[in-house]
Amino acid sequence: MPLRVYDTRTREKRELSTLEDGKVSMYVCGITPYSPSHLGHARCYLSFDVVHRWLEASGYDVDYVQNFTDIDDKILDISDSEGVEFSVVANRNIDDYLGVMDAMNVLRADHYPRVTETIPEIIGMISDLEEKGHAYVGDDGVYFEIDTAPEKYGQLTGQTLEMVRAGAGGRVGGTGSGKRDHRDFALWKLTKPGEPSWESPWGEGRPGWHIECSAMSLNHFGEQFDIHGGGHDLRFPHHEAEIFQSECCTGTEPVVGFWMHNGFVNIDGEKMSKSLGNFWTIREAFESHAPLALRYALLSVPYRNPIDLTPEFLDEAAMHYDRLLDAYGNSLSSQEESGIDLSGASERFSNAMNDDFNTRSAMIEVQAVVSSAPGSDVAAWLEKNAGEVLGLLPSPEEVAANLAQVESARAEVAERVESLLDERESARQSKDWARADEIRDELTSIGVVVEDGPEGPTWHLG
RNA sequence: GCACGGGUGGCAGAGUAGCUAUGCAACGGACUGCAGAUCCGUGGACCCGGGUGCAAAUCCCGGCCCGUGCUCCA
């Protein structure tokens with residue numbers, strides 16, 4: 001089954017075709033580092049991490065670019081209030097982002113361009129747009145003029161010029177004072193004294209929000225590239241603005257082969273937002289959930305669907321994750337093959353991933369293998385599919401270290417447990433159930449779970 | 001208001017025309033002094049109304065409801 005990818009622009013799943021055989025150029029809109037990363041970021045970059053991993057597992061050479069919008073109004077607000085340079089705020093939050101992504105096994109992109117390091121390219125692109133008559137200078141900045149390319153409107157959202165002209169339900173306001181039309185958008189903002197700014201042909205200023213991605217992708221990939229990803233909310237205006245900028249600048253279309261957008265994160269059925277008080281940063285989530293258990297939860301819904309993170313949903317994911325780790329650990333320490341035919345599971349796993357990266361269906365296959373008998377072949381299967389493709393496994397070294405840690409904790413209490421168990425067995429022999437249960441309660445209180453079986457009792461640390 | 005996406009068992013969540021989804025929970029059985037774990041098994045769903053088809057959860061039309069977007073947003 002060939003790999004099919006859903007494209008927001010054409011609203012269909014299509015077989016992936018790339019500009020160059022065997023290679024994929026992929027650009028994903030990165031964060032604006034004005035605050036620590038939240039669960040919405042986790043969902044987005046986890047989704048595209050799986051895209052990245054599956055493309056590579058399928059034999060593609062992937063060139064993955066993700067930007068940092070390291071200059072922006074909110075960053076300036078925060079740096080002002082703290083009395084520090086804007087770069088201090090940006091760097092702090094970029095470090096936080098990379099740290100939490102590493103913890104969740106997100107592979108690094110190949111390049112992380114920053115707006116502040118792309119200024120010459122941005123200015124060059126705006127100059128080209130101005131020369132070609134697509135941009136004009138207003139009194140507070142340079143704007144893209146929508147009416148110079150009306151046919152490009154609504155490619156990702158289906159909205160028409162007239163609809164937005166009508167005024168977005170009366171909620172259009174606060175547009176730049178220099179705009180000719182409220183649908184036009186800023187390419188370059190002239191800055192106020194005291195703000196960070198760069199020299200340009202139009203005066204001291206800084207880039208508008210949309211132009212950076214066009215400049216970076218043009219700079220890195222050229223006039224066209226294969227996949228452009230980002231959150232569902234970025235379709236409009238951000239990604240439609242990119243289409244205007246890139247295609248009007250180069251005259252080549254389409255700039256992007258496949259537009260991919262991930263669905264949003266809800267908390268207990270409500271949109272996650274600071275105002276609702278249900279806003280979780282990733283680090284806050286780590287306090288109650290292991291990073292890879294959180295990864296398990298976030299990948300257990302296909303990337304385009306909204307995901308509702310309820311406590312029950314997260315707990316269920318954590319349980320499955322623990323089972324996966326147990327099964328992997330048992331299989332790793334197994335010297336023999338299970339003898340199970342894993343080819344059906346492999347095929348279904350691949351088919352699921354090839355169907356627009358359906359991680360949900362793929363993980364069902366993982367769950368089936370997890371509940372089968374352990375063996376070295378199972379370990380290899382899990383390592384490849386749950387590990388390399390889905391990124392759900394710690395390294396074999398970490399797993400071995402964890403097993404060793406559990407083993408030593410077990411050894412510490414083993415002598416006492418064994419003697420208590422002996423005592424309990426003799427109580428059970430004489431049908432002194434009260435005494436037997438008393439001993440079991442005592443063991444429970446020191447964290448030992450006793451399980452009676454046909455071969456006598458076994459125990460493990462709860 | 002307009003656009004896009006969605007409405008599937010107690011819960012989560014796949015599935016785009018015919019064949020058990022799956023997991024958790026529940027229930028029954030085996031095993032057990034009890035509990036737990038394990039194994040076997042069972043029931044239960046396709047928002048509403050029309051249409052097309054031999055056949056519709058799936059395609060078409062209409063309606064209702066929910067989510068998101070509509071110039072800060074992953």
Side-chain angles (χ1 to χ4, degrees), chain A residues 8 11 28-32 34-35 37-48 66 69 72-74 77 97 146 154 156-160 162-164 166-176 179 182-186 208-210 229-238 240-241 261-266 269-274 297 300-310 312-317 319-320 323 348 352 355 358-365 367-368 370-371 427-428 431-434 436-437 440-441 444 449-454 457-460 462:
Chain A
T8 306
R11 289 183 209 125
V28 174
C29 284
I31 58 164
T32 299
Y34 67 93
S35 68
S37 296
H38 56 71
L39 290 178
H41 295 122
R43 160 90 132 148
C44 176
Y45 302 109
L46 243 26
S47 297
F48 288 103
Q66 193 183 112
T69 304
D72 141 285
D73 290 343
K74 287 186 290 288
D77 287 347
Y97 169 79
I146 291 287
L156 301 181
T157 54
Q159 302 182 102
T160 64
E162 287 65 32
M163 280 156 45
V164 185
R171 293 200 284 118
V172 170
T175 56
K179 275 187 195 182
H182 77 260
R183 295 161 302 163
D184 295 344
F185 54 87
W209 173 39
H210 313 299
H232 195 251
D233 54 324
L234 297 182
R235 291 174 311 149
F236 186 91
H238 185 58
E240 289 203 2
H261 295 99
N262 66 277
F264 260 48
V265 173
N266 296 325
E270 288 185 302
K271 179 180 176 175
M272 183 176 79
S273 73
K274 283 180 179 168
S300 56
V301 173
Y303 75 93
R304 284 193 291 137
N305 295 12
I307 187 169
D308 188 15
L309 296 182
T310 61
E312 296 76 24
F313 185 86
L314 288 167
D315 288 347
E316 195 175 313
M319 179 193 70
H320 282 295
R323 284 187 189 175
R348 287 188 294 272
D355 182 15
N358 190 332
T359 49
R360 174 75 188 190
S361 294
M363 284 161 77
I364 284 166
E365 293 307 321
Q367 286 175 19
V370 160
S371 56
R428 293 181 74 208
K431 298 199 191 298
D432 184 356
W433 309 125
D437 291 347
R440 185 165 63 194
D441 290 344
T444 304
V449 178
V450 179
E451 285 171 4
D452 296 321
T458 59
W459 63 278
H460 61 87

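Chain letters run A, B, ... following the sequence lines, proteins first and then strands; every chain starts at 1.
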Applying the Watson-Crick and G-U wobble criteria at under 3.5 Å, what pairs with [N]? Answer none if nothing qualifies.
| N | result |
| --- | --- |
| B:rG43 | none |
| B:rC59 | B:rG51 |
| B:rA30 | B:rU38 |
| B:rU68 | B:rA3 |
| B:rA74 | none |

Closest to side chain of [X], choosing from [options]:
| X | options | answer |
| --- | --- | --- |
| A:Tyr45 | B:rA74, B:rG33, B:rG23 | B:rA74 |
| A:Asp355 | B:rU68, B:rG15, B:rA74 | B:rG15 |
| A:His232 | B:rG23, B:rU71, B:rU68 | B:rU68 |
| A:Phe236 | B:rC70, B:rU22, B:rG23 | B:rC70 |
| A:Cys44 | B:rA74, B:rU71, B:rA14 | B:rA74 |
| A:Phe313 | B:rA74, B:rU71, B:rA12 | B:rA12 |
| A:Lys74 | B:rG69, B:rG23, B:rC72 | B:rC72 |
| A:His38 | B:rA74, B:rG69, B:rU22 | B:rA74 |
| A:Arg235 | B:rC34, B:rU71, B:rC4 | B:rC4 |
| A:Arg183 | B:rA74, B:rC34, B:rU71 | B:rU71 |

When you compare [N] with [M], how far apart are their [atom1] atoms, in angstrom units rounded to a whole number?
| N | M | atom1 | value |
| --- | --- | --- | --- |
| B:rU20 | B:rG62 | C1' | 34 Å |
| B:rG13 | B:rG50 | C1' | 30 Å |
| B:rA25 | B:rC11 | P | 16 Å |
| B:rG44 | B:rC4 | C1' | 34 Å |
| B:rU71 | B:rG63 | C1' | 33 Å |
| B:rU38 | B:rA45 | P | 28 Å |
| B:rC48 | B:rC66 | C1' | 15 Å |
| B:rC47 | B:rC64 | C1' | 8 Å |

Output the rounded distance in Å from [atom1] ([X]) to [atom2] ([N]).
| X | N | atom1 | atom2 | value |
| --- | --- | --- | --- | --- |
| A:Glu451 | B:rC31 | CD | P | 19 Å |
| A:His41 | B:rA74 | NE2 | P | 4 Å |
| A:Leu314 | B:rC11 | CG | C1' | 14 Å |
| A:Asp72 | B:rC72 | CG | P | 11 Å |
| A:His210 | B:rC72 | NE2 | P | 8 Å |
| A:Phe264 | B:rC72 | CZ | C1' | 12 Å |
| A:Leu156 | B:rC2 | CG | P | 22 Å |
| A:Asp233 | B:rC72 | CG | P | 12 Å |

State whether the side chain of [X] and the backbone N or O of [Y] hold a donor-acceptor pair below 3.5 Å, judged by distance alone.
| X | Y | result |
| --- | --- | --- |
| A:Asn358 | A:Ser361 | yes |
| A:Glu240 | A:Gly154 | yes |
| A:His41 | A:His38 | yes |
| A:Arg360 | A:Ser300 | yes |

*asked:* Ring-plane angle category for A:Tyr303 and A:Phe48, please: parallel below 30°, perpendicular beyond 60°, tilted otherwise.
replied: tilted
*What class does the angle between the rings of A:His210 and A:His238 fall in, given that below 30° is parallel, 30 to 60° is tilted and above 60° is perpendicular?*
tilted
*Does a side-chain N or O from A:Asn358 land closer than 4.0 Å to OP1 or OP2 of B:rG15, or not?*
yes
_Phosphate OP1/OP2 of B:rG15 contacted by A:Arg348 side-chain N/O (<4.0 Å)_ = no
_Contact nearer the 5' end of RNA chain B, comparing A:Gly231 with A:Ile146_ = A:Ile146
*Mapping A:Ala186 and A:Tyr34 onto RNA chain B by nearest heavy atom, which one lands closer to the 5' end?*
A:Ala186
*Name the orientation of the base relative to the sugar in B:rG53: syn if the glycosidic angle is within 90° of 0, else anti.*
syn
*For the residue pair A:Arg428 and A:Trp433, establish whether any side-chain heavy-atom pair is separated by less than 4.5 Å.*
yes
Indicate, with a heavy-atom threshold strictly under 4.0 Å, whether [X] touches base, sugar-phosphate, or nothing.
| X | result |
| --- | --- |
| A:Met319 | sugar-phosphate |
| A:Val449 | nothing |
| A:Leu234 | sugar-phosphate |
| A:Val265 | base |

*Are A:Arg440 and A:Asp437 close enough, and set up right, to give a salt bridge (charged side-chain N to carboxylate O under 4.0 Å, His left out), and what steps lead you there?*
CA-CA 5 Å; A:Arg440 185 165 63 194; A:Asp437 291 347; 3.4 Å; yes
_Give me the atom names and distance for the closest heavy-atom approach of A:Val301 to A:Thr359._
O-OG1, 3.7 Å
Does the base of [N] carry an N or O that pairs as donor and acceptor with the side chain of [X] under 3.5 Å?
| X | N | answer |
| --- | --- | --- |
| A:Asp452 | B:rC34 | yes |
| A:Arg440 | B:rC34 | yes |
| A:Asn266 | B:rG67 | no |
| A:Arg304 | B:rG5 | no |

